[in-house]
Amino acid sequence: MDIYYYNIFKRRFRLYLRNRIVWYFGHGLHASKRFSGRYETILWFTKSDSYIFNLDNVRVPAKYPGKRHYKGPNVGKPSGNPKGKNPSDVWEILVKDWEDCLWDIPNVKSNHPEKTEHPCQFPVELVERCVLALTHEGDYVFDPYAGVGSTLIAAIMHGRRAIASEKEQDYVAVARQRIASYFNGNLRLRPMGKPVHTPSGREKVAQVPSEWKTSESNDE
Ligand SMILES: C[S@@+](CC[C@H](N)C(=O)[O-])C[C@H]1O[C@@H](n2cnc3c(N)ncnc32)[C@H](O)[C@@H]1O
């Protein structure tokens, strides 16, 4: 859908595109007449060249923090940043547990700590990264399509002021409840930065079913 919005924001509103962020899922529904969809996009536009980008708030652990410069004036010194690396424009947060819980395996839907009745609710963690990187404490965050209030919660959690609109009264009621639960200290949230589950290959679901193996490989 973002291909339609790009022209509206760029040509009509003269905004500047800073990033097209891909929120990537490893799992999801399997299409049979086209390639299966595995990502959603976030278009980050700014009004001018003067904008907020708090990279240090959202750095992620480097894969190889022990890497060192091998030439130049800093030879031998660590080449990374002790606060971590830039998370890049491909976000894999919640790759497995969000997908499995919400869309892929309906019977474990209620297992996700954040799940409500909303069919396309976003994880709060997804919004937290935007809020932390693109706003300062005390700023306003506005979500015109608020659903059950994930953006509001992410904003409030990090000391921002939140405004929203939502056309479905039932979702507004759930959003109010979730915000109240946050303030009461009992809102169920998946902690930001929780490592994404990577299958070891030993799990039953990661193995080729025995019925698919040839008799040759069965003999091994
Ligand atoms: C993708 S959902 C947002 C989900 C939200 N991010 C969350 O995590 O709960 C989009 C929401 O926009 C609402 N919506 C659609 N058109 C709207 C409109 N014209 N004004 C206000 N809300 C609208 C829908 O009811 C729906 O809940």
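In this chain, numbering begins with 1 at the start of the sequence shown. Counting convention: from 1, in listed order, for ligands and their atoms alike. Every heavy atom of this structure was used, including side-chain atoms; hydrogens, water molecules and symmetry mates were not.
Given atom 4 (C) of ligand 1, the protein heavy atom at minimum distance is C120 O, 3.7 Å. For atom 5 (C) of ligand 1, the nearest non-hydrogen atom of the protein is A146 O, 3.5 Å. Nearest to atom 19 (N) of ligand 1 among the protein's heavy atoms is Y145 CE2, 4.0 Å. Residue, atom and distance of the protein heavy atom nearest to atom 22 (N) of ligand 1 are K167 N, 3.2 Å.
Taking the six-membered ring where tryptophan is involved, the planes of F45 and Y6 are tilted, since the angle between them lies from 30° to 60°.
Distances from atom 11 (C) of ligand 1 to the heavy atoms of Q169, E166, E168 show the closest one on E166.
Contacts between Y171 and ligand 1 below 4.0 angstrom, taking non-hydrogen atoms only, involve the side chain exclusively.
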Verdict with reasoning, D139 to R160, per salt bridge (Lys or Arg N to Asp or Glu O under 4.0 Å)
CA-CA 5 Å; D139 283 352; R160 276 66 172 171; 5.9 Å; no
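In the model, R18 has a side-chain atom that pairs as donor or acceptor with a side-chain atom of T46 under 3.5 Å. If you check the side chains of R20 and T41, you find no donor sitting under 3.5 Å from an acceptor.
Ligand 1 has no nitrogen or oxygen under 3.5 angstrom from a nitrogen or oxygen of T151. Considering backbone and side-chain N/O of D143, none are found under 3.5 Å from N/O of ligand 1.
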